[in-house]
Amino acid sequence: LDFSSFYGGAVIGQAPFDCPVGLTKTRSANHDGGKWMCGLELVGKSQPCVVYSLGSNFDTSFEEDVQDTVVLGGRRGGCSLHIYDPTLRGRNETGHADLSGERLRRFRMRLKAQSIGTLHEIAFSHNTDTVTMRIESLGTRTYPAMSLQRMLAANGHQHTCIDVLKVDVEGAEGAMLAATRWSELCIGMIVVELHSRLIEDYQRTRQQEQQHDSKQLRAPVSTATDGGRADKGNGIPNPSGQPLGTAQQRRAFHAKHPFRVADAISLVHRLESAGFMHYSSELVCAWCPGQMELGFVNVSWLRVMTQRG
């Protein structure tokens, strides 16, 4: 059963775990319905909290709501909060190219002035140092990338318990949920937005990049000088100049390799096997098939936070 079908999301739409503490919701933004949080009021009661937010799009409503809720020593913003999104550079308010970088500069200043968090222009990839993505209005770009474990280590958090992990990475969440060794990490809450069609796009792009790399290894050295030009047709170009597929080819890939309900259940099961309980499921919007907000809480973390609170 295709996850984006009418009945697909309903299979995991009923979360089996009832949050035994406060269940609060962050603000809605950009057509997203907000994030349900289990036990957020317990965070920061005895020590500063740590939050990782993967995916931004210049929206800080989630991060601000978390910081407003967590008060440590009578001071708002008790969280060390890290935002990861490499796609902000070069985009203005209308989504078009901004060569001056003024919007990003102002965004960084606001994050610092309002004590919201720290921005890292790094993408997620579980096994490569770079990742190629197509960004509307910017074309195809290659960004530095890290696994979740490397992100934590880069900030000195490899041995720290992360209170909240928010994941809204437009398709890369499938690879993150499948590849991350969750039992080796201490994370309290995970709120993730599943995008079934974007997961399929992500898988297709990674597959075509691997095929291209394989062909490059077998091919003789070329003396052509225009190998890096973008494809002028309907293809999605990458920096190698190779089209990543026409719209028709993309539809064919979706039909042949859909993100199925069984795939979603498998990802949920991986988290449950690592001690996370599924406490929330909600459609992103009524007209968004295959897109769901899911919430998971680590029962060991919740027990410790309840005792401290």
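Between the side chains of Ser196 and Arg260, no donor-acceptor pair of N or O atoms lies under 3.5 Å.
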ask   = Yes or no on side chain to side chain contact (heavy atoms under 4.5 Å, CB included) for Val21 and Glu41, after CA distance, side-chain angles and deciding distance?
value = CA-CA 9 Å; Val21 291; Glu41 75 281 1; 3.8 Å; yes
request  = For side chain to side chain contact (heavy atoms under 4.5 Å, CB included), just list the numbers for Trp36 and Glu293, CA-CA rounded to whole Å, side-chain angles, deciding distance to a tenth of an Å, and then say yes or no.
outcome  = CA-CA 8 Å; Trp36 284 105; Glu293 297 275 6; over 6 Å; no
task = Step by step, work out the side chain to side chain contact (heavy atoms under 4.5 Å, CB included) result for Val66 and Cys79.
result = CA-CA 8 Å; Val66 170; Cys79 293; 4.1 Å; yes
task = Carefully, step by step, assess Val51 and Met189 under the rule side chain to side chain contact (heavy atoms under 4.5 Å, CB included).
result = CA-CA 10 Å; Val51 177; Met189 269 182 283; over 6 Å; no
request  = Evaluate the side-chain hydrogen bond (donor to acceptor under 3.5 Å, both in side chains) criterion for residues Thr132 and Thr142: first the C-alpha distance (whole Å), next the side-chain angles of each, then the deciding distance (0.1 Å), finally the verdict.
outcome  = CA-CA 4 Å; Thr132 300; Thr142 298; 3.1 Å; yes
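Between Arg27 and Asp59 no salt bridge is recorded (no basic side-chain N to carboxylate O distance below 4.0 Å). Using a 4.0 Å cut-off between charged side-chain N and carboxylate O, Lys166 and Glu193 make no salt bridge.
Taking the salt bridge (charged side-chain N to carboxylate O under 4.0 Å, His left out) definition, one finds that Glu121 meets it with Arg89, Arg108, sequence neighbours left out.
Side-chain atoms of Leu165 and Phe296, non-hydrogen and from C-beta on, never get closer than 4.5 Å to each other. Taking 4.5 Å as the limit, some side-chain heavy atom of Glu173 sits within range of a side-chain heavy atom of Ile199. Leu177 places a side-chain heavy atom less than 4.5 Å from the side chain of Leu194. Proximity of Leu23 to Met37: side-chain heavy atoms (C-beta onward) are nowhere separated by under 4.5 Å.
Atom CE of Met176 and atom OH of Tyr202 lie 8.5 Å apart (nearest 0.5 Å). Atom CG of Asp68 and atom OG1 of Thr26 lie 11.5 Å apart (nearest 0.5 Å). How far SG of Cys38 is from CG of Asn298: 11.0 Å, rounded to the nearest 0.5 Å. Taken to the nearest 0.5 Å, the CG atom of Leu40 stands 9.0 Å off from the CG atom of Asp65. Atom CG in Leu54 sits 11.5 Å away from atom NE2 in His82 (nearest 0.5 Å). Taking NE2 from His120 and CD1 from Ile83, the interatomic distance works out to 8.5 Å, rounded to the nearest 0.5 Å.
Although no hydrogens or angles enter the test, the distance criterion places a donor-acceptor pair under 3.5 Å between the side chain of Asp85 and the main chain of Asn57.
Between Tyr279 and Phe17, the distance separating the two ring centers is not shorter than 6.0 angstrom.
Cation-pi geometry between Arg197 and Phe259 is not met at under 6.0 angstrom from the ring centre and within 45 degrees of the axis.
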Taking only distance into account, with no hydrogens and no angle test, what donor-acceptor pairs under 3.5 Å do side-chain atoms of residues 151-160 form with protein atoms, sequence neighbours excluded?
| unit_1 | atom_1 | unit_2 | atom_2 | d |
| --- | --- | --- | --- | --- |
| Asn155 | ND2 | Tyr52 | OH | 3.0 |
| Asn155 | ND2 | Tyr84 | OH | 2.9 |
| Asn155 | ND2 | Met151 | O | 3.2 |
| His157 | ND1 | Tyr52 | OH | 2.6 |

